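The structure appears right after this line, and notes come after that.
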Amino acid sequence: MIDLVQLRREPDVVKAALARRGVSVAEVEKAVALDIEHRQLLQEAERLRAEVKELSRKVGEARRNKDGATADELTATSRALGDDERVASEATDLVASRLRELLLMMPNLPDDRVPDGADESDNVELRRWWPGMDDGAPFPSFGDHQRVPHWEIGRELGILDMESGAKLAGSMFALYRGAGARLLRALSSLSLNRQSDAYEEIRPPSLALTETMMSTGHLPKSADDMYAVERDGLWAIPTGEVPLTSLRRGEILDESELPLRLTAQTNCFRREAGAAGKDTRGLLRVHEFEKVELFAYCTPEQADDAHADILRRAEELLQELGLPYRLLNLCTGDLGTASAYTIDLEVFSPGVDRWLEVSSVSWFRDFQARRANVRYRTSDGSTALVHTVNGSALGWARVWAALVETYHQEDGSVRLPDVLASYFGGDATIR
RNA sequence: GGAGGGAUGACAGAGCGGCCGAAUGUACCGGUCUUGAAAACCGGCGUGGGCUUGCCCACCGUGGGUUCAAAUCCCACUCCCUCCGCCA
């Protein structure tokens, strides 16, 4: 949620920033007007309530003094005022909830570093990495044996069975088997092992309350993209970010705890509404995938470092796996609702000949912290909202795809990088 | 799923419907004392919001209700504990 105080103080700044993200000026002005109206109503309601309280105090006093006549008179007056108070309060609450609804639908203010743009085609590529580039090697030219899509390799080797996934849960659900399943497990283990020096490992529930989903900004705006367990009022988490951000919801952290870094491996559920049929072959886009998330609560001053640390760790994993990738600075049109600044990592898939998003490293400023009400105690004793940052390290379905294609041998086997060998009993070749 | 008990400030723990935003203890912060520390003593010590910055309002698990007045009474829900049932 954006900062109401900032909206009051510098409405033009907010209007300009949100206009970059396609929020109309009229929308912002409506919020400003509702805020003014709300405060006026609030003053009146509180004035009446103060009077009722004062009268009630006097009623009690009169009763103690056995002055029944005065007490009855005051009671009557207070009762009438109470009716007025109720009306005023209801009017106040109505405006407050309208304002809240409006604010909940508004996206975060984009950072200055975010380029303007309409959609993903306007994202700005920052740089690329590939094995050997430091020694002057060119971007790899992939052989014909690497130009085979992962779903074909997966079927050939019996390690990926999309048909069975569909049989069990419908299309766009994957089923890994044998070495394919083991590879998935190895990737999560590898990542979690790499993060253990600085990030506490968490195993959160896969389902979340509506309130939990609200805190990250996934609800109310993106309800159609979430799986709902309606009967119990729960939602399947689309990312580990959801439970991690709410882990300390409503709490005041001590500044000495920050940055508080957490990591979690979770399954991520996404309905991908409207995506049916497009770029959905194999593992390109699935309804459920495994991901390791990195997350930090931090002070505003720590946010840049925390963001850089997550990005570095995600990059290091891709480098260890030897997969070429690129970094994109997301433009205003592609930025997630809650994010102020996001760097995407895309791995290259030679078999599909496309770049695949495997991580989004985002800084949310205090947008999520305001919704989740996570604050910290500063050294001078006051409280302030924390900043949240998070990123994947990594989303495994697409990494799995890129690995299988990149390391596909001419003889049809897949020889995985040595870093994974220990997870395969020493020989990470799938035949 | 059934029966019972509970939920109050950082923690522990009081709180006959009316000077209760809340006793007391611990922790914490400041001070006195001390060579220093401990102990003792003194003082301070929740979070939001509004505006005329001095006041007002809200918050005692959550949401309703009763009342002139609710931490306190009523209803529903959630969570925790104990017991029974079921179960990976």
Side-chain angles (χ1 to χ4, degrees), chain A residues 1-9 31-100 102-104 203-215 229-235 243 246-258 260 267 297 366-386:
Chain A
M1 203 149 68
I2 62 166
D3 182 7
L4 195 53
V5 175
Q6 183 189 17
L7 180 62
R8 253 174 234 163
R9 273 211 268 269
V32 173
L34 280 172
D35 175 47
I36 292 170
E37 188 185 356
H38 173 248
R39 279 182 291 158
Q40 285 170 345
L41 290 168
L42 185 65
Q43 279 176 56
E44 175 64 6
E46 288 192 347
R47 206 206 83 227
L48 288 166
R49 197 168 311 142
E51 266 190 72
V52 169
K53 287 181 69 170
E54 179 59 26
L55 284 170
S56 295
R57 228 167 278 143
K58 287 181 177 164
V59 171
E61 211 173 296
R63 288 245 183 275
R64 261 193 305 282
N65 297 334
K66 308 284 191 218
D67 187 352
T70 304
D72 290 345
E73 191 183 320
L74 289 170
T75 298
T77 312
S78 183
R79 186 181 297 152
L81 267 175
D83 290 340
D84 293 348
E85 190 274 336
R86 192 167 309 123
V87 171
S89 284
E90 277 167 15
T92 308
D93 293 346
L94 183 69
V95 173
S97 67
R98 287 223 305 264
L99 175 59
R100 185 175 157 75
L102 192 61
L103 290 175
L104 280 175
R203 269 289 185 153
S206 300
L207 300 180
L209 298 168
T210 298
E211 192 182 352
T212 307
M213 297 284 283
M214 285 277 213
S215 295
V229 186
E230 281 182 38
R231 173 169 156 156
D232 297 291
L234 293 166
W235 304 78
S246 277
L247 188 62
R248 304 298 289 271
R249 186 170 65 220
E251 296 185 32
I252 299 176
L253 312 178
D254 197 280
E255 187 168 5
S256 63
E257 291 183 76
L258 305 177
L260 180 58
N267 285 24
Y297 295 111
D366 58 13
F367 186 91
Q368 293 180 326
R370 183 170 294 105
R371 288 181 169 222
N373 196 24
V374 182
R375 292 165 290 171
Y376 69 101
R377 177 91 48 198
T378 63
S379 46
D380 67 7
S382 62
T383 60
L385 291 165
V386 300

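These figures come from a predicted structure and were not determined experimentally. All heavy atoms count here, side chains included; hydrogens, waters and symmetry mates do not.
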(message) If you assign A/G60 and A/R79 each to the RNA chain B nucleotide with the nearest heavy atom, which residue ends up on the more 5' nucleotide?
(response) A/G60
(request) Could you check which nucleotide pairs with B/A76 in any of the strands shown, counting Watson-Crick or G-U wobble with both distances under 3.5 Å? (result) B/U62
(message) With a 4.5 Å cut-off on side-chain heavy atoms, are A/L385 and A/V374 touching?
(response) no
(request) Write down the distance between CG (A/L74) and P (B/C68), rounded to a whole number of angstrom. (result) 13 Å
(request) With the side chain of A/R49 defined as its heavy atoms from C-beta on, choose the nearest nucleotide among B/C19, B/C57, B/C68. (result) B/C57
(message) Need the pair for B/G9. Rule: Watson-Crick or G-U wobble, both distances under 3.5 Å, any strand; none if unpaired.
(response) none
Under 3.5 Å, which N/O atoms of the protein pair with N/O atoms of nucleotides 47-51 of chain B?
unit_1 : atom_1 : unit_2 : atom_2 : d
B/U47  : OP1    : A/R377 : NH1    : 2.6
B/U47  : O3'    : A/R375 : NH1    : 2.8
B/U47  : O2'    : A/R375 : NH1    : 3.1
B/G48  : OP1    : A/R375 : NH1    : 3.1
B/G48  : OP1    : A/T383 : OG1    : 2.1
B/G48  : O5'    : A/R375 : NH1    : 2.9
B/G49  : N2     : A/E46  : OE1    : 3.3
B/G50  : OP1    : A/R8   : NH1    : 2.7
B/G50  : OP1    : A/R8   : NH2    : 3.2
B/C51  : OP1    : A/R39  : NH1    : 2.7

(message) Any salt bridge linking A/R47 with A/E44? Criterion: basic side-chain nitrogen under 4.0 Å from a carboxylate oxygen.
(response) yes
(request) Whole angstrom is fine here: how far is it from CD in A/E51 over to C1' in B/C57? (result) 14 Å
(request) Dump the intermediate steps for salt bridge (Lys or Arg N to Asp or Glu O under 4.0 Å) on A/R248 and A/E257, then the final yes or no. (result) CA-CA 12 Å; A/R248 304 298 289 271; A/E257 291 183 76; 3.4 Å; yes
(message) Can you measure A/E54 atom CD to B/C19 atom P for me and round it to whole angstrom units?
(response) 13 Å
(request) Pick the C1' atom in B/U72 and in B/U8, then give their distance to the nearest Å. (result) 11 Å
(request) Rounded to whole angstrom, note down the C1' distance from B/G9 over to B/G17. (result) 23 Å
(message) Say we look at B/C59 and B/C20: how far apart would their C1' atoms be, to the nearest angstrom?
(response) 14 Å
(message) Looking at A/K58 and A/E61, is any side-chain nitrogen of the basic one under 4.0 Å from a carboxylate oxygen of the acidic one?
(response) no
(request) Using a 4.0 Å heavy-atom cut-off across all strands, classify A/S78 as base, sugar-phosphate, or nothing. (result) sugar-phosphate
(request) Please check if any side-chain donor atom of A/R375 sits under 3.5 Å from a side-chain acceptor atom of A/N373, or the reverse. (result) yes
(message) Rounded to whole Å, please give me the gap between CD in A/E61 and P in B/C68.
(response) 19 Å
(message) Can you tell me the base-pairing partner of B/G36? Count Watson-Crick or G-U wobble geometry only, both distances below 3.5 Å, and say none if there is no partner.
(response) none
(request) Take atom CD of A/E255 as the centre, draw a 6.0 Å sphere, and report whether it contains more than 12 heavy atoms from other residues, nucleotides or ligands. (result) yes
(request) Considering only NZ, NE, NH1 and NH2 on the basic side and carboxylate oxygens on the acidic side, decide whether A/R63 and A/D72 come within less than 4.0 Å. (result) yes
(request) Pick the P atom in B/G61 and in B/C68, then give their distance to the nearest Å. (result) 25 Å
(request) Sticking with atom P, work out how far B/A38 lies from B/C33, rounded to a whole angstrom. (result) 15 Å
(message) Could you identify the nucleotide paired to B/G43, looking across every strand shown and requiring Watson-Crick or G-U wobble geometry with both distances under 3.5 Å?
(response) B/C29
(request) May I ask which nucleotide in the shown strands pairs with B/G48, Watson-Crick or G-U wobble, both distances under 3.5 Å? (result) B/C57
(message) When both hydrogen-bonding distances must be under 3.5 Å and the geometry is Watson-Crick or G-U wobble, what is B/A70 paired with, if anything?
(response) none
(message) Rounding to an integer number of angstrom, what distance separates B/G2 and B/A88 when you compare their C1' atoms?
(response) 22 Å
(message) In this structure, how many angstroms lie between the P atom of B/U62 and the CZ atom of A/R249, rounded?
(response) 14 Å
Which pairs would a plain distance check flag for residues 75-82 of chain A, meaning a side-chain donor or acceptor within less than 3.5 Å of a matching protein atom at least two apart in sequence or in another chain?
unit_1 : atom_1 : unit_2 : atom_2 : d
A/T75  : OG1    : A/A71  : O      : 2.7
A/T77  : OG1    : A/E73  : O      : 3.0

(request) Give the rounded distance in Å between these two atoms: CG of A/L209 and P of B/C79. (result) 9 Å
(message) Tell me which nucleotide, if any, is Watson-Crick or G-U wobble paired with B/A23 when both distances must be under 3.5 Å.
(response) none
(request) In whole angstrom, give the distance that lies between atom CD of A/E85 and atom C1' of B/A69. (result) 12 Å
(request) May I ask you to check whether over 12 heavy atoms, not counting those of A/R100, lie within 6.0 Å of atom CZ? (result) no
(request) Could you tell me which nucleotide pairs with B/A88 by Watson-Crick or G-U wobble geometry, both distances under 3.5 Å, or answer none if nothing does? (result) none
(request) Please state how far atom CD in A/E257 lies from atom C1' in B/A10, giving the value in whole angstrom units. (result) 12 Å
(request) Using the P atoms only, state how far B/A71 lies from B/A23, rounded to an integer number of Å. (result) 15 Å
(message) Can you see if the side chain of A/K53 gets near the phosphate of B/A58 - specifically, an N or O under 4.0 Å from OP1 or OP2?
(response) yes
(request) Provide the distance between the two P atoms, one in B/C73 and one in B/C79, to the nearest whole Å. (result) 23 Å
